[in-house]
Amino acid sequence: MAIDIIGAGIGGLTTAIALEKKGFDISIYEQAKEIKPIGAGIILANNAMQVYEKLGIRKQIESKGNPISSVNICKSDLSIISNVDLKYFEEKHKVKNIAIHRGQLQEILIDELKSGTLHLDYKLNNIVKNKDLLSLEFNDNKSLESKTILAADGIHSVVRNCLFPENKIRSSKQICWRGVTSYELPKKYKNELNEAWGKGDRFGFVQVAPKQIYWYALKSIKDHSEYSVNDLELYFNNYHPLIKGIINSTEKSNINTAEILDLSPTNKWHNENVCLLGDAAHATTPNMGQGACQAIEDAYVLSECLGKFDFHKAFSEYQKLRISKANQIVNTSWTLGKIAHLSNPVLIYLRNQMMKMTPSAMNRKQSNKIFTLAKI
């Protein structure tokens, strides 16, 4: 069966690979004129790496990334508030958590596709149902008719906005700066993700390759134009010298600035011969590091369902297996983002004490739910 995928992000590419391995005829339509390495990193948590193990590309990803065995929430001086040791899950699932440059991951995924699968410079403008077919209208008067569409076109999905009108994008009132820089971390930080929480702001960093650091910084805002990237050092001046060093080492032109948004959870991901996945279905704030990971899980579950059922039942089963977990992560991540950005000193103190007192067994139990794939 021929299937058309809109969007060549991590979710769309992974879905295409999984379906091609099952014998489907796949075409991906991507609005970008060329695939450029985006100046940001990505953390592929245990659940995502389990999927890539099943697809046979775990080793390629591990060879280009950096293993992460610990996640720390810290104060602005990098003293640890809370720790999640990931070694237990490495043993349990026989895969590591990998931090990697997003552009490097895209290159690995594209290399796995069959020649001719990916079509660039196809910006979708409109989609119309025409009996059993879907008419897709692209830029430059390009068009096509499709029998089955998978929408992996992100939080601002054209497919979703055309065919699933009841959806709402939410602003977290937080701005995020992301960058990748050449920097030599002290040895103790090389296999950790550290996220430092301050007063209405936070800063995270992780090594993605030798002497290459991916970092992100967030700050609460009233207006998205309130803060400038040129003053980034000033905003985080009271943080640990290591963090200030990472910021100072980064070229301003290589820093991406964006408002943090998510999609209010919905209960409908498919409509006849159209199905949503990834951010098009359940865009989440990045506070749990699960945005791309959940899209990768979608790719696995959806491909397995399409391999077993006709597309009507496959879409229904996929939603049934995935929607509860994905929506729970959206809601939990939203709440966590608010907790991380407390500004009242008393509430910050109480929050930190509660996190310190949380048993490691509870952290492990929560992580276990996230890292466990659906049984199909």
Side-chain angles (χ1 to χ4, degrees), residues 1 3-26 28 42-62 65 89-90 92-98 100 102 105-106 108-114 117 148-154 269-270 275-284 288-311 313-330 367-376:
M1 185 173 72
I3 296 178
D4 296 309
I5 298 175
I6 308 300
I10 303 304
L13 292 172
T14 306
T15 304
I17 293 168
L19 288 173
E20 283 190 338
K21 288 181 180 294
K22 292 186 177 296
F24 288 86
D25 181 14
I26 303 299
I28 307 175
I42 185 172
I43 297 171
L44 297 172
N46 199 288
N47 50 326
M49 290 304 294
Q50 288 177 60
V51 173
Y52 287 135
E53 167 70 5
K54 293 176 185 294
L55 295 179
I57 52 178
R58 171 183 62 84
K59 291 182 179 179
Q60 294 97 304
I61 294 171
E62 287 182 350
F89 298 101
E90 293 174 0
K92 180 177 181 179
H93 298 294
K94 307 304 179 186
V95 296
K96 298 177 181 178
N97 301 267
I98 300 294
I100 189 171
R102 186 177 288 265
L105 176 60
Q106 282 183 309
I108 292 170
L109 297 179
I110 290 171
D111 285 346
E112 284 293 309
L113 295 172
K114 293 180 181 177
T117 297
T148 309
I149 292 289
L150 303 182
D153 51 343
W269 290 0
H270 64 93
C275 191
L276 308 176
L277 66 99
D279 282 357
H282 48 74
T284 180
M288 296 174 67
Q290 277 290 313
C293 297
Q294 288 303 297
I296 293 163
E297 275 200 49
D298 286 350
Y300 164 65
V301 174
L302 184 53
S303 63
E304 288 296 303
C305 289
L306 282 165
K308 293 183 178 181
F309 311 113
D310 66 78
F311 72 82
K313 185 175 182 182
F315 292 167
S316 178
E317 288 295 313
Y318 152 71
Q319 176 176 305
K320 188 186 302 181
L321 289 166
R322 288 285 302 128
I323 195 166
S324 177
K325 179 178 180 179
N327 284 348
Q328 184 178 22
I329 284 175
V330 171
S367 297
N368 189 57
K369 290 180 180 179
I370 295 171
F371 295 158
T372 300
L373 300 181
K375 294 182 180 179
I376 305 167

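In this chain, numbering begins with 1 at the start of the sequence shown.
Looking at heavy atoms from C-beta onward, Ile376 lies in side-chain contact with Tyr300 at the 4.5 angstrom threshold. The side-chain heavy atoms of Gln319 and Phe315, taken from C-beta on, include no pair separated by under 4.5 Å.
Using cut-offs of 30° and 60° for the angle between ring planes, the His93 and Phe89 rings count as parallel.
Not one N or O on the side chain of Glu112 forms a donor-acceptor pair closer than 3.5 Å with the backbone of Leu55. Using a distance-only test at 3.5 Å, with no hydrogens or angles considered, no donor-acceptor pair links the side chain of Lys313 to the main chain of Lys308.
Aromatic ring centres of Tyr318 and Trp269 lie closer together than 6.0 Å.
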Going through the distances and angles, do Gln50 and Arg58 end up as a side chain to side chain contact (heavy atoms under 4.5 Å, CB included)? CA-CA 8 Å; Gln50 288 177 60; Arg58 171 183 62 84; over 6 Å; no
Evaluate Lys92 against Asn368 for side-chain hydrogen bond (donor to acceptor under 3.5 Å, both in side chains), listing each step before the verdict. CA-CA 10 Å; Lys92 180 177 181 179; Asn368 189 57; 2.6 Å; yes
Carefully, step by step, assess Ile296 and Leu44 under the rule side chain to side chain contact (heavy atoms under 4.5 Å, CB included). CA-CA 9 Å; Ile296 293 163; Leu44 297 172; 3.7 Å; yes
Given Ile100 and Ile108, is the side chain to side chain contact (heavy atoms under 4.5 Å, CB included) satisfied, shown in steps? CA-CA 11 Å; Ile100 189 171; Ile108 292 170; 4.2 Å; yes
Check the pair Asp298, Gln294 against side-chain hydrogen bond (donor to acceptor under 3.5 Å, both in side chains), reporting the backbone distance first and the verdict last. CA-CA 6 Å; Asp298 286 350; Gln294 288 303 297; over 6 Å; no
Residues Lys320, Glu317; criterion salt bridge (Lys or Arg N to Asp or Glu O under 4.0 Å); working and verdict: CA-CA 5 Å; Lys320 188 186 302 181; Glu317 288 295 313; 3.3 Å; yes
List the steps and the verdict of side chain to side chain contact (heavy atoms under 4.5 Å, CB included) for Lys375 and Leu321. CA-CA 8 Å; Lys375 294 182 180 179; Leu321 289 166; over 6 Å; no
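Shown here for Ala152 and Ile5, the closest heavy-atom pair between the two residues is CB-CG2, 4.3 Å. Closest heavy-atom contact between Ser303 and Ala18: OG-CB, 3.4 Å. Scanning all heavy atoms of the two residues, the minimum distance from Leu306 to Phe24 falls at O-CZ, 3.4 Å. Across every non-hydrogen atom of Ile370 and Met288, the tightest pair is CD1-CE, 3.5 Å. In plain terms, the two heavy atoms of Ala45 and Phe371 that are nearest each other are CB-CE2, 3.8 Å. Nearest heavy atom pair, residue Leu113 against residue Ala16, reads CD2-CB, 3.6 Å.
In summary, Glu53 and Lys94 do not engage in a salt bridge, as defined by a charged side-chain N under 4.0 Å from a carboxylate O.
Side-chain contact annotation: Tyr52 with Thr14, donor-acceptor N/O pair under 3.5 Å present. A donor-acceptor pair shorter than 3.5 Å can be found between the side chains of Gln290 and Asn47. Side chains of Glu20 and Thr117: a donor-acceptor N/O pair is present below 3.5 angstrom, by distance only.
The environment of NZ in Lys96 is sparse: at most 12 heavy-atom neighbours from other residues, nucleotides or ligands sit within 6.0 Å. Open room surrounds NZ on Lys369; 12 or fewer heavy atoms of other groups in view lie less than 6.0 Å from it.
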